[in-house]
Structure formats: C-alpha cells, structure tokens
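Remember, predicted model here, so these are calculated numbers, not experimental data. Counting starts at 1 for both ligands and their atoms, in listed order. Throughout, numbering of the chain's residues begins at 1 and tracks the sequence.
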Amino acid sequence: MAIVLIRQDGKLDLWKRALLDQFPALPLYLYNEPHPKDEISMAIVWKHPQGSLGQYPNLQSVASFGAGVDFIIEDHSRPTGIPITRVVDDALADDMAEYVLTAVLGHLKNMDQYARDKQTTKWKPRPYSRIVDHTVGIMGLGTLGTHVGKALIKLGFRVIGWSRHPKTQPGIEVYHGAAQQKDFLNRTSILICLLPLTSETKGILNKSNLSHLQQGAYLINVARGGHLVEEELVPLLDSGQLSGACLDVFQQEPLPEKHPFWKHPLIKITPHVASVSDPKSVVPQLAENFRRLQNDEPLLNQIDLDLGY
Ligand code: NAP
Ligand code: GLV
C-alpha cells in the first residue's frame with residue numbers, strides 16, 4: 001500500500017518533505033515521477049488533472065489537501081464509493097476567521113475607498129458604519145462558517161447563519177434549507193459565503209438571491225468561484241444593490257488578465273489565499289488516515305458521498 005501526491009501548483013516537494021519529516025517511513029510517491037500505480041491505495045490531491053485518479057486500479061481513498069472536495073467529486077475516474085476525506089484543522093479555521101474579520105472591518109471603515117483616494121491624492125472624509133449597524137449572514141455554517149461566526153460575535157457583531165440542516169449554535173440565529181433562505185438573506189447586510197461547492201450550491205450567489213439582501217449589502221466570497229454567477233455581480237454593484245464585494249475565489253483561477261473584476265472599483269480581489277492548508281499542521285491527519293486505511297479502520301474527516309461535502 002502506498003500514497004501518491006497530486007497537485008500542480010509547485011508545492012509537491014514542500015508537502016512531500018513535510019510528510020516525510022514527521023513520518024519518515026511513509027511509502028510516498030509524487031504523481032509526476034515514475035511510481036508503481038498498482039501499489040497506490042491513497043491519493044492526496046489538490047486540483048489534480050481530471051481523470052488522473054483512474055490510473056490507480058487499487059485506489060481505496062482520496063484525500064483533499066484542503067477543506068473543499070469539489071474537484072474530487074467532479075473526477076468520475078475515481079472508483080465509486082471509496083471514501084473521500086478533507087482537511088479539518090484549527091489553523092485553517094483561524095486563518096479563515098482572520099481573513100474575514102479583515103474584510104469585514106475594512107468594509108465598515110471604507111479602507112478600499114481610501115486606498116483608491118490615495119492614488120489620486122484625494123482628501124475626502126467619508127461616513128463610516130459601526131459593528132452595531134450590521135447583521136452578518138454566513139451561508140454555510142459548518143466547520144469554517146461556525147468558527148468565523150464565533151470570531152464575529154466576539155467583536156460584537158449580530159450574526160445569523162444558513163445551513164442545510166436545522167442546528168443550534170449559541171449566539172447565532174440559524175436558518176436552514178431552501179424555504180428559509182429568503183428570510184436569512186433579507187436580514188443580511190454583510191454576506192459571507194462559506195458553502196461547499198455542490199450541485200445544489202453552484203450559482204447560489206446570483207442576481208435573484210443577492211437582490212434579497214439589504215440594500216447596499218457587502219458580499220464576501222471565500223468559498224468557491226462556482227458559487228458566484230460572475231456576470232451578474234457588476235450590475236448589482238453598479239445599481240447600488242451591493243456596495244462592494246471581496247472575492248478570494250473565482251470561476252477561473254488565476255483570474256484571467258482581461259476579466260472585468262480586475263478594474264471594477266468596488267471589487268476587492270485576493271488570489272485564493274483566505275486560508276491555506278499549513279503542511280505542518282495538516283500532515284498528522286493525512287498520515288493517520290493512511291494508518292487507518294492500512295488497518296481497515298474508519299477514516300477521519302470523511303465527506304458524505306451522497307451530499308458531496
Ligand atoms: P463544512 O464543514 O462541510 O460546512 C459546510 C456548510 O455548508 C454546512 O453548514 C452545510 O450545512 C452547509 N451546506 C452545504 N450544502 C448546503 C445547502 N445546499 N444549503 C444550505 N447549506 C448547505 O465545510 P467547511 O470546512 O466549513 O468549508 C466550506 C468551504 O470553504 C469548503 O468547501 C471550501 O470550498 C471553502 N474553503 C475556501 C478556502 C479559501 O482559502 N478560500 C479555504 C478553505 C475552505 P449542514 O451543516 O446542515 O450540513
Ligand atoms: C481551500 O480552498 C480549501 O478548500 O482548503
């Protein structure tokens with residue numbers, strides 16, 4: 001039994017070193033060097049070439065290097081029914097909370113506008129808003145959404161959430177399901193998307209749904225680019241229905257040079273860095289799942305294959 005690592009973002013060696021530093025005996029191969037395909041029982045992947053999982057006849061599990069698994073679900077070359085696991089990690093959750101707090105507070109105090117004013121040496125005080133003025137709505141109240149919600153509550157924000165199933169979360173009024181989506185959006189002045197990308201959530205940040213937000217609401221998408229119907233965002237900003245957007249994820253990454261989002265003054269762009277798996281912190285759960293696989297024990301952090309998250 002052996003592991004293959006598949007990712008194309010230049011971080012393969014970093015992860016290999018991190019895994020072997022902590023677990024020197026792991027039988028580990030990189031996908032882009034010769035390796036015995038029939039020995040591979042576990043693939044650890046991040047945005048791997050679609051179809052590449054089909055070359056491992058004895059594959060027994062696929063692990064995501066991150067929290068999201070959408071790119072694994074989409075690869076139908078993987079053997080059906082084998083467990084898919086994802087990263088659940090305190091450092092990843094802390095990083096996400098810090099990113100969202102930065103975006104939210106920057107919005108309240110017009111920080112983007114002042115950065116633009118500086119380009120034109122404009123001295124122009126603008127009215128700001130306060131924490132008490134806002135209701136932050138978190139779409140996707142799972143591991144990350146809940147952690148972000150708690151961090152916002154600590155600062156004094158009113159926080160509401162929306163999930164698939166009903167749930168209780170101290171300090172957060174939780175809406176659930178399609179039937180309660182509109183009521184949730186109606187109350188929201190800052191919307192944070194932390195949903196997984198599934199067939200149900202694809203395109204959920206569309207004109208119709210975003211029009212239910214409070215007038216002048218602010219959008220923060222830190223989930224996946226596929227949640228946002230990109231061509232519907234600019235008209236919502238230009239009409240004032242939305243006052244701005246902070247986007248970390250895009251339908252195509254890197255965001256193409258000619259994409260209209262680059263030049264739009266009300267769109268803040270970061271290159272998918274809201275929270276990035278830290279090898280040191282994540283390696284133990286990956287190695288533990290390989291040990292469990294070898295011993296026929298249930299794996300940690302499995303997704304529900306029917307729900308796709
Ligand atoms: P998670 O724990 O699986 O939570 C997902 C949440 O979404 C759950 O609350 C779930 O509801 C809800 N949900 C799923 N489908 C829904 C639907 N159809 N309607 C309503 N609610 C629905 O996931 P997570 O660990 O928090 O991560 C969320 C996503 O963040 C990841 O999938 C990934 O795409 C993204 N992410 C981005 C970055 C970045 O750097 N930008 C970093 C890490 C993760 P239930 O609770 O009822 O099941
Ligand atoms: C990052 O986008 C992740 O899914 O961990």
Identify the protein heavy atom lying closest to atom 44 (C) of ligand 1, giving its residue, its atom name and the separation to 0.1 Å. Leu144 CD1, 3.4 Å
Using the rule side chain to side chain contact (heavy atoms under 4.5 Å, CB included), only one of Ile6, Val4, Leu5 pairs with His48; which is it? Ile6
Atoms of ligand 1 less than 4.0 Å from His272 heavy atoms? 39 (C), 40 (O), 41 (N)
What residue among His212, His176, Met139 forms side chain to side chain contact (heavy atoms under 4.5 Å, CB included) with Gln181? Met139
Are any of the N/O atoms in Ala67 less than 3.5 Å from those in ligand 2? yes
Just let me know how Val249 lines up against ligand 1, side chain, backbone, both or neither, with a heavy-atom cut-off below 4.0 Å. side chain
Quick one: which ligand 1 atoms are inside 4.0 Å of a heavy atom on Ala274? 39 (C), 40 (O), 41 (N)
Look at ligand 1 and say whether Arg86 reaches it with a heavy atom at a distance under 4.0 Å. yes
Can you report which non-hydrogen protein atom sits closest to atom 2 (O) of ligand 2, along with the distance? His272 NE2, 2.6 Å
Residues Asp112, Lys268; criterion salt bridge (Lys or Arg N to Asp or Glu O under 4.0 Å); working and verdict: CA-CA 8 Å; Asp112 290 349; Lys268 190 209 289 288; 2.5 Å; yes
Write down the atom of Ile131, the atom of Leu155, and the distance for their closest heavy-atom approach. CD1-O, 3.3 Å
Any N or O of Ala67 that comes nearer than 3.5 Å to an N or O of ligand 1? no
Does Arg164, backbone or side chain, put an N or O under 3.5 Å from an N or O of ligand 1? yes
Aromatic rings Trp46 and Phe71: how do their planes relate, parallel, tilted or perpendicular, breaks at 30° and 60°? perpendicular
Ligand 2 N/O within reach of Gly68 N/O, cut-off under 3.5 Å: yes
Report whether Leu141 and Val159 are members of the same hydrophobic cluster (ILVMFWY, side-chain heavy atoms less than 4.5 Å apart, transitive linking). yes
Is it true that Asp9 and Lys47 have a side-chain N and a carboxylate O under 4.0 angstrom from each other? no
Grab the two heavy atoms, one from Leu213 and one from Gln241, that are nearest each other, plus how far apart they are. O-NE2, 3.1 Å
Please work out whether the ring planes of Tyr218 and His107 are parallel, tilted or perpendicular, with thresholds of 30° and 60°. parallel
Heavy atoms only, cut-off 4.0 Å: how does Val88 contact ligand 1, side chain, backbone, both, or neither? neither
Residue part near ligand 1, for Thr143, under 4.0 Å between non-hydrogen atoms: both
Verify the distance criterion only: is there a donor paired with an acceptor across the side chains of His259 and Gln252 at less than 3.5 Å? no
With a 4.0 Å cut-off on heavy atoms, is Thr198 touching ligand 1? no
Nearest to atom 19 (N) of ligand 1, what protein heavy atom do you find, and at what distance? Trp162 CH2, 3.3 Å
Can you name the nearest heavy-atom pair linking Met42 to Ala63, along with the distance? CE-CB, 4.0 Å
Using a 4.0 Å heavy-atom threshold (strictly under), name the region of Arg224 that reaches ligand 1: side chain, backbone, both or neither. side chain
Taking atom types as modelled, is there a side-chain donor on Asp117 or Gln113 under 3.5 Å from an acceptor on the other? yes
Which one of Val87, Val222, Asp70 has a non-hydrogen atom at the shortest distance from atom 37 (C) of ligand 1? Val222
Provide the number and element of each atom of ligand 1 under 4.0 Å from a heavy atom of Gly140. 6 (C), 7 (O), 9 (O), 12 (C)
Using distance alone, decide if ligand 1 has a nitrogen or oxygen within less than 3.5 Å of any nitrogen or oxygen in Tyr309. yes
Short version for Met96: what comes under 4.0 Å of ligand 1, heavy atoms counted, is side chain
Are any of the N/O atoms on Val276, whether in the backbone or the side chain, positioned under 3.5 angstrom from an N/O atom of ligand 1? no
Residue and atom name of the nearest protein heavy atom (relative to atom 5 (C) of ligand 1), distance in Å to one decimal: Pro196 CD, 3.5 Å
What closest approach, in Å, do Val69 and Thr85 show between heavy atoms, and which atom pair accounts for it? CG1-O, 4.0 Å
Against heavy atoms of His165, which atoms of ligand 1 measure under 4.0 Å? 45 (P), 47 (O), 48 (O)
For atom 4 (O) of ligand 1, grab the closest protein heavy atom and report residue, atom and distance to one decimal in Å. Gly142 CA, 3.2 Å
Could you pull out, from Leu195, Leu307, Val148, the option with a heavy atom nearest to atom 29 (C) of ligand 1? Leu195
At the 4.0 Å heavy-atom cut-off, does Lys167 count as touching ligand 1? yes
Is there a polar contact between ligand 1 and Leu194, counting only N or O atoms under 3.5 Å apart? no
Between Ser277, Ser281, Ser275, which is the residue that forms a side chain to side chain donor-acceptor pair (under 3.5 Å) with Asp89? Ser281
Name the residue from Leu191, Leu266, Leu210 that meets the side chain to side chain contact (heavy atoms under 4.5 Å, CB included) definition with Leu242. Leu210
Only heavy atoms of Trp46, strictly under 4.0 Å: list the atoms of ligand 2 that pass. 1 (C), 2 (O), 3 (C), 4 (O)
Quick one: look at Glu200 and ligand 1, take heavy-atom pairs under 4.0 Å, and tell me if it's side chain, backbone, both or neither. side chain
Say whether Gly66 and ligand 1 are in contact under the criterion: heavy-atom distance to a ligand atom below 4.0 Å. no
Will you find, in the side chains of Arg86 and Thr143, an N or O donor that is under 3.5 Å from an N or O acceptor? yes
Grab the two heavy atoms, one from Ala274 and one from Tyr99, that are nearest each other, plus how far apart they are. CA-CD1, 3.4 Å
